[in-house]
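Below: the structure, in structure tokens.
Sequence lines set the chain letters: A, B, ... in the order given, protein chains first and strands last, and positions in each chain run from 1. Just so you know, these numbers use all the heavy atoms, side chains as well, and skip hydrogens, waters and symmetry mates.
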2 protein chains.
Amino acid sequence: MTDADHRTLHNRVLAALGPAIAAGEFAPGHVFTLERLEREYGVSRTVAREAVRVLESMHLVYSRPRLGVRVRPQDEWSVFDPQLIRWRLAGSARTHQLRSLTELRAAVEPQAAAAAARRAPEEERRRLVEINEAMLATGAAGDLEAFLDLDIQFHRLVLRLSGNEMFAGLSGVVAEVLAGRTAYDLMPHHPRPEALRLHTHVAAAVRDGLPAVAEAAMRAIVDEVVEALEELG
Amino acid sequence: MTDADHRTLHNRVLAALGPAIAAGEFAPGHVFTLERLEREYGVSRTVAREAVRVLESMHLVYSRPRLGVRVRPQDEWSVFDPQLIRWRLAGSARTHQLRSLTELRAAVEPQAAAAAARRAPEEERRRLVEINEAMLATGAAGDLEAFLDLDIQFHRLVLRLSGNEMFAGLSGVVAEVLAGRTAYDLMPHHPRPEALRLHTHVAAAVRDGLPAVAEAAMRAIVDEVVEALEELG
DNA sequence: GCGCCGCAATTCGTATCACTATTAAAGAAC
DNA sequence: GTTCTTTAATAGTGATACGAATTGCGGCGC
């Protein structure tokens, strides 16, 4: 959720270079040389190379002798890399990234809710109901920050309970979208009563093992979010 | 689609080490040292470090002074990393990985088809119909290999036409799933007539700008696949 | 003009050394 | 004895230097 580990030098180089490339500040085909990176960031070749390796593994650049380090076209990037997602959310592509991630949520979360209703273990289902009860309490109290935290917990848990590791792997992404939405003021300052009710329905349907109900309720939640985003143009 | 670039040494180390870790051959918490990796693969420290950096960026391991390079628990891995997906498809977790990816497809592709019907540019819609016609022809001729290729093209194009970069980013994954399904003999040796008809419906609905129809037809396709996979236990 | 060849730019790979962070154990204080 | 402090060992981190390999480009020969 928070920024990457800045203990190592190559991570600091990445933290500067990655967002710049992710923001499209360099046209596809733009060439760096290791030497330039060394000078620009005041680091040794070892560090510059390590940073380039990571960028290369995300398919942001490729690196060949005699040619240098070249920026690849956007459509070759590994857009699911959480680090890349974070970089893009931090930059000028923010709303664009938020939009595509929200559509992804809209596709996945209903299926995840259905799977959770089918497969989640007993004890954990109760946990979902508990989180929802806490949401109702903080929602009424108007504590937005605490509410966001619980909201994230709720969606994370649904994804994890789906028993599908790919769905579970999206929980970080969903957390960033929810947090980003609030940070960017795309959220009402009081949680909408209907959204709260829908969360309660999801929790209850998962608890009672009703996949179709859980799916429909979750779909209502995410569709509302997609619509709200579309209204912004 | 094919295996990673073996031109560089660190990629060769990755190609050996990555699949082993991905297959769970080392328990979470297992410790490597750089020195051991150097010896084991007969490479210099620089190369060993670069390989570790990439593994670290996928959250397969983390590396700290005095401690070595430790394997992280599975639920922290970046499961959407295409390279990791490939490693797992190659190993003993193959069916498990195929199953979770298929559920992901089932969630995403119907939404992608709807989005394509809404937003795809004119010329490209026709392209989809053309691919479908070719599918019908090779399907009738019984050329399984050519059919698989067209099937992959079809689903890739739908994902791309959705106009959502995240959906488009899954096209490599979908290609691997389709190819893996055939390679693993989870496919009938003649394409099922109903599946073919459904693809035709998707193409026509996208061409005619009918999101709901495209979504329903695509959902029928992927649900059938999920069911077939579940029957195998 | 066309193909071949060699130059030069750059990454790739190796080797080595000093530095730093981390941990655990030894030792000192109470 | 218990707890706090110091110290020492260990491994990753970062810097530097150099030779090898690769390949785009320009020039040379025909």
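Relative to the side chain of A/Val47, the nucleotides C/dT22, D/dA15, D/dT13 differ in distance, and D/dA15 lies closest. When each of C/dA21, C/dT11, D/dG14 is scored by its nearest atom to the side-chain atoms of A/Val69, the top-ranked nucleotide is C/dT11.
Residue A/Arg66 places a side-chain atom within donor-acceptor reach of the base of C/dA8, judged by atom type and a 3.5 Å distance cut-off alone. Side-chain atoms of A/Arg49 and base atoms of D/dG14 include no donor and acceptor less than 3.5 Å apart.
In terms of modelled atom types and a separation under 3.5 Å, the side chain of B/Trp77 and the main chain of B/Leu84 share no donor-acceptor contact.
From B/Arg156, atom CZ reaches atom CG of B/Leu170 across 11.0 Å, with rounding to the nearest 0.5 Å.
A/Ser63 has a side-chain polar atom (N or O) that falls below the 4.0 Å cut-off from OP1 or OP2 of C/dC12.
Note: CZ (B/Arg53) to C1' (D/dT13) measures 8 Å, nearest angstrom. D/dT13 atom C1' lies 12 Å from atom CZ of A/Arg7, rounded to whole Å. One interatomic measurement links the two molecules: CG of A/Asp5 to C1' of D/dG12, which rounds to 13 Å at whole-angstrom precision.
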Using side-chain hydrogen bond (donor to acceptor under 3.5 Å, both in side chains), reason through B/Ser78 and B/Asp81 one step at a time and then give a plain yes or no. CA-CA 6 Å; B/Ser78 293; B/Asp81 192 301; 6.0 Å; no

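Contacts between residues 34-46 of chain B and DNA chain D, defined by a heavy-atom separation under 4.0 Å, are made by B/Leu34, B/Arg45.
Every residue was checked against the ring pair (Phe, Tyr, Trp, His ring centres under 6.0 Å) condition with B/Tyr41, not counting sequence neighbours, and none meets it.
For the residue pair B/Arg53/A/His10, the side-chain donor-acceptor check at 3.5 Å is satisfied. Under 3.5 Å, the side chains of A/Glu56 and A/Ser63 contain no donor-acceptor pair of N or O atoms.
Where A/Leu67 and B/Thr8 each meet DNA chain C at their nearest nucleotide, the meeting point lying more 5' is that of A/Leu67.
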